[in-house]
Structures are given as C-alpha cells and as structure tokens.
Protein chains: 2
Amino acid sequence: MIGDRWSLLILRDCFLRVRRFEEFQSRLGVTRHILADRLKKLVRFGVLRRSPYQENPTRYEYILTQKGLDLYPVVMAIVHWGDTHMVDERGRPMLHQHKSCGKMFDPVLVCSECGERIVAKEVHVHAGPGAAKGAAEELAARAK
Amino acid sequence: MIGDRWSLLILRDCFLRVRRFEEFQSRLGVTRHILADRLKKLVRFGVLRRSPYQENPTRYEYILTQKGLDLYPVVMAIVHWGDTHMVDERGRPMLHQHKSCGKMFDPVLVCSECGERIVAKEVHVHAGPGAAKGAAEELAARAK
DNA sequence: GTATAAAGTTCTATTTCAGAACTAGTAAGC
DNA sequence: GCTTACTAGTTCTGAAATAGAACTTTATAC
C-alpha cells in the first residue's frame, strides 16, 4: 500500500492537516495524475475517506480514518529517523510538542508489556498462527 | 530512500537476519537486477554495509549498520499496523518476544518526556531551525 | 569434463511515472 | 453576456523504473 514514491509523503501531509487536492499537489510537487490515483487508492484501502466540504460545485477533501490515524507511529518513526540521521547543520525541519505534557518530544518505541525501549537485538521472532508456509519453515531453520 | 517497491521489504528481511543476495531474492521474489540496485543504494546511504564472509571466491553479505538498526521502529510500526488492520482469519504471521522481559509484545510509541502513548491528535507541530522556507510559512498559517 | 553454487550483469517487454495541456462546474468582475 | 479565476480532476506523450529471463564470473565437487 505504501510501496511507491508518494503514498507515505501524502500520508505525512495528512497528519499535518493537509486535506485538499490542490494543497497536496502544491506542497509535494507530485503530478496531478499520480496524486489523483494515490488518493483513490488510499480511499480504497480505507486509510482516507473522501468527504464533501462544499456544494455548487461539490468538492471533496480527504480525511484520515481511524485506520489511517493508526499509521501515525509509522510516519513519526520515519520522521524521527530523518531527524537523527538526515538533517543538515541547520537542524530539524520540525519540532513536535506533546499537548498533554506540554514538552517538545521524540517518539520512542517501547514494549507493551514492560515499557522498556525496544531495540532490534532484544527481539525474538516466532512464527504466528497466520504464518505463510515456507516463511515459517525458513524462520524455524534460521532460529536454530 | 525507501520510496520504492522493495527497499522496505529488503530492510524488513534484514531485521529477520537475512544477509545474502540469494536469500533476499528467493524470499522476496524481487528481480535480481532490482535487488542488486537496491542493495547498492542502501549501502550508499549507509544503512547497510557490504562485508566479505568468504574468500575464493570472495562473497559478500549485507549487514545493518547502526543507522540501519535505527530503522527498527519504522519497520516494527509498519508490521504492527499490518497486524492490526491487514491480517486474515488465521491471525498474525509473526509474533515478537521481548528478550529482556520474556513476553510477547506489541510495539507502542510513547513520548520521550512523559512516557505517555502518543496519538496524532495530541501532537502540535512547530517549525524547527531547519524548516524549509515556505513550508514554515504554510505551517504557521495553518496553525492559526 | 560436467554440474553446482553465489552473486551478480545484460537484455527486452511491460508498467509506472513525469510534464504538460485540457475539461467540468461554478462564482466573481465588469 | 463575456472573461477570468478557482478547484478537482482527466487525458495525452515521452521518460524512467520494474519484471522476467538468460547470461557471466569465480570457484568447488564429482
């Protein structure tokens, strides 16, 4: 769903309260043709919904559904990685403030069970009930 | 860097301890031509390093650098979103166990300052020192 | 000599994307 | 009425990326 050049950038802008075709287009510089196609696709996946905001003529804006809002950790994780590894001398392009505590923050990934910060080397992967044949076997083989 | 069809899938496999050309190719089904190109690109970005694992003939494997390991939250956030919104009746393809606490867990994004779970609507965005001209202005305008 | 293996490279055909112009429905200026 | 502007697209053409298959290189095993 996000394996193309623009979908993630469109979603990022959604989280910045961008909602309308022209605004996506001018901010991102994406071809109108592709933008129309991506918005359709994101609506089809249930990540955005197309909602009328005026009549005569009827015009629509694109709003994140709950399924779309749940992508926030994905977008924030990418942004934070960029802030850590890709900024120039000038520093971060954007700062994030947590309304409930009032402070500028970084997003941190933690374990739902113990609350500790998660790093790749501290995680074991097991085949789950929906594991694909083959993938499960390979995984088991690698675990040995 | 990840705005194409395969880079994120290659990185996911890296976190599953996949390291060699043939293994990426057979697991993902990606064209060899494209795989070679993406691996080169990821090395160029400093996310993977190409390291010899035998001589005669010299063969190389691809290993995550620290910059690459730091992408773990990105990959985990996507996986968790898929687990939440895209699984079929059979359930999750994979389960993750946190070595330090021993439990199967979900990744949770929290605030670095107060430790509370972060949701999109609880975050304010401000222009940072590296803000692009124009983007900063638009952002300020939207905040009003 | 023949087969196998890993890690690529090279070729053609198809699909996707970029860049630009065009369309539809309506309001506003004059 | 005629022209211009606004928003959200659609429709072209050419360029770039990807798929699918075969080929290359270096070396071991039989």
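Protein chains get the first letters and strands the later ones, always in sequence-line order, with residue 1 at the start of each.
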**d(CG, L35(B); C1', dA21(D)) in whole Å** = 16 Å

**Asked** How long is the line joining CD of E55(A) and P of dA8(D), in whole Å?
**Response** 14 Å

**Prompt:** Please give, in whole Å, the distance from dA6(C) P to N56(B) CG?
**Reply:** 17 Å

**Message:** Looking at K67(A), is its backbone amide N or carbonyl O close enough to the side chain of W81(B) to form a donor-acceptor pair, meaning the two atoms are under 3.5 Å apart?
**Reply:** yes

**Message:** In this structure, how many angstroms lie between the P atom of dA6(C) and the CZ atom of F24(B), rounded?
**Reply:** 15 Å

**Request:** Take Y62(B) and L42(B) through the side chain to side chain contact (heavy atoms under 4.5 Å, CB included) test and state the conclusion after the steps.
**Result:** CA-CA 9 Å; Y62(B) 295 88; L42(B) 291 170; over 6 Å; no

**Letter per nucleotide, 5' to 3', of nucleotides 8-21 of chain C [B base touched, S only sugar-phosphate touched, - untouched; heavy atoms, 4.0 Å]** = BBB------SBB-B

**Touch class at under 4.0 angstrom, heavy-atom based, for Y53(A) against every strand present** = sugar-phosphate

**Message:** If you count heavy atoms of other groups shown closer than 6.0 angstrom to NZ of K99(A), is the number above 12?
**Reply:** yes

**Request:** Please state how far atom CD in Q25(A) lies from atom P in dT10(D), giving the value in whole angstrom units.
**Result:** 14 Å

**Request:** Give a yes or no on whether a donor-acceptor pair under 3.5 Å exists between the nucleobase atoms of dA6(C), that is its base, and the side chain of R59(B).
**Result:** yes

**Message:** In whole Å, I'd like the distance from the CD atom of E23(A) to the C1' atom of dG9(D).
**Reply:** 17 Å

**Prompt:** Are R20(B) and Y53(B) in a cation-pi setup, meaning NZ or CZ lies under 6.0 angstrom from the ring centre and within 45 degrees of the ring axis?
**Reply:** yes

**Backbone of H98(A) reached by a side-chain donor or acceptor of E122(B) within 3.5 Å** = no

**Prompt:** So, the side chain of Q54(A) versus the backbone of P57(A): is there a donor-acceptor pair under 3.5 Å, distance only?
**Reply:** yes

**Complete:** Between CD of Q54(A) and P of dG9(D) the distance, given in whole Å, is 12 Å

